[in-house]
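What follows is one structure encoded as structure tokens, with my remarks underneath.
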Amino acid sequence: MESISVFDMLKIGVGPSSSHTLGPWRAGERWIKELKEAGKFDLVEGVTIHLYGSLSLTGIGHATDLASLLGLLGYDPVTIPVENIDPEINNIKTFNRLNLNGERSIDFDFDNDIVFNKKFLPFHPNGMKFMARLHNGKTISSTFYSIGGGFVVKEERKNAKKQLQKFKEFPFPIIKGTDLAGFCKQENKKISEIVYENEKSLRTEEEIDAGLKAIWDVMLESMYLGCHTEGILPGGLNVRRRAPDSHKKLIGDLEYNTPEEWIEVIRKTEVKFRSILKWVSCFALGVNEVNASLGRVVTAPTNGSAGVIPAVLMYYLTIENHDAGFEKIKQFLLVAGEIGSLFKKGATISAAMGGCQAEIGVSSSMAAGALTEVMGGSPEQVMMAAEIAMEHHLGLTCDPIAGLVQIPCIERNSMGAIKAINAAEMAMDADSIHAKVPLDKVIETMWETAKDMNSKYKETSEGGLAVRVSLSDC
Ligand code: SF4
């Protein structure tokens, strides 16, 4: 069993997709490292990138081609200034040259050196192979799999042993929801406290706090940017950004200058059911409009579903608890991360494996559980909320139009956020002893459903809305 940290489930990155953008980006970086370790980096004269299966079928809409190149250029998705992305790609296209890891300029033909293969590799639907032509005439290659949420593996799983060792060193090794509930009971601790103890076996308290603060900062900035940026999203669907329109109506004449002041100002706005729905939707739409325009967001647990957790956390801060500060944010993120890891271990967070239930369903479940704990729910109620949120996403398909993470993805985040809030309220009002469906059972059910789902609904854009609605309809 692998050790999964909160920082594996919540990662700062660039949109629009964790499995199709962040993963291939990381794969590119890893391959460069491999070449260097093997002493081959200086021999490379040319590179070809082969994309397979879902990475090929929805790769252009998900910017897989661009992300792979940015990885090869040596950029880090956490730190790259997003405004540099277009110029870097344009340079490659114009000059047919690629500056490998920022060190060696080699030939690269954008139109022919990225190959889209419809074929699926047997190990995972998201396969990709980097091939290098060396100056001695030989070629070498390496195959990677982007398994969702920005995680990248190789078939031989070289890191598996290390991961198992780290898992064993956790004071509270958790595979299932029952393990988590058992530790909470045994230690008389909240879920966030148990998770915090595990995190401390990987990094210092200062590092954990700084990491969670950085994650929250990016979440807040992506909501703020999304709610204040007008225009049409890239990709050709002519999708108009809706968050700013909605935001203007909600905020009225209130004034603020920073994201932090924005929070204070929202706290002063009218609180009625309809306005709450609109605020939550607005936060979620904002993040996913930033994501769709290759902006910086937190993968939570994926990019397509990046808006759910910030929207629910922002709901808590601006509507539910005006006194809440960083301690509550930290608690929320720790619980959300742990619930996400239960799905990663017991099912999948990859839409190419399980459809949208693996993205929006999981993010809604993470948010529901986290909200329940910060509102004072018991560990059992947290798990009940997480279960309810997933139960009502089971079977949700992934069918993005034109392979872009826009329709249905952006709206779907607001739906996932609202469902999470409702699931938390239902769990808070219930006695978990009467819950009929344990969290572990819904995770198992999700995985069974994923395996039964037709591949045309698993991030291939070969079914559903993707074939019913065409670019000309937009
Ligand atoms: S439909 Fe859902 S799973 Fe598919 S790309 Fe959109 S958000 Fe991701």
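These figures come from a predicted structure and were not determined experimentally. Both ligands and their constituent atoms are indexed starting at 1 by order of listing. Values reported hereafter were calculated over all heavy atoms of this structure, with side chains retained and with hydrogens, waters and symmetry mates removed.
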- Can you spot which of Leu396, Asp399, Thr397, Ile360 makes a side chain to side chain contact (heavy atoms under 4.5 Å, CB included) with Pro408?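 With Pro408 as partner, Leu396, Asp399, Thr397, Ile360 yield a single side chain to side chain contact (heavy atoms under 4.5 Å, CB included), made by Asp399.
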- Taking only residues two or more places apart in sequence, or in another chain, which ones meet His392 in a ring-ring contact (aromatic ring centres under 6.0 Å, His included)?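 None.
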- Query: What are the protein N, O or S atoms, given as residue plus atom name, that sit under 2.8 Å from atom 2 (Fe) of ligand 1?
  - Reply: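 Hits for atom 2 (Fe) of ligand 1 below 2.8 Å: Cys356 SG.
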- Query: Looking only at heavy atoms, what is the nearest atom pair of Asn303 and Ser18, with distance?
  - Reply: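 Looking at all heavy atoms of both residues, the closest pair is N-OG, 3.2 Å.
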- Can you sort out the partners of Arg26 under salt bridge (charged side-chain N to carboxylate O under 4.0 Å, His left out), two or more places apart, ordered by chain and number?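 Scan of Arg26 (salt bridge (charged side-chain N to carboxylate O under 4.0 Å, His left out), adjacent residues dropped) gives Glu29, Asp76.
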What side-chain donor-acceptor pairs closer than 3.5 Å can you find for residues 80-93, not counting sequence neighbours?
from: Glu88; atom 1: OE2; to: Tyr75; atom 2: OH; distance (Å): 2.5
from: Asn90; atom 1: ND2; to: Asp86; atom 2: O; distance (Å): 3.3

- Item | Derivation of the side chain to side chain contact (heavy atoms under 4.5 Å, CB included) call for Glu425 and Leu371 | CA-CA 9 Å; Glu425 288 299 340; Leu371 180 62; 5.9 Å; no
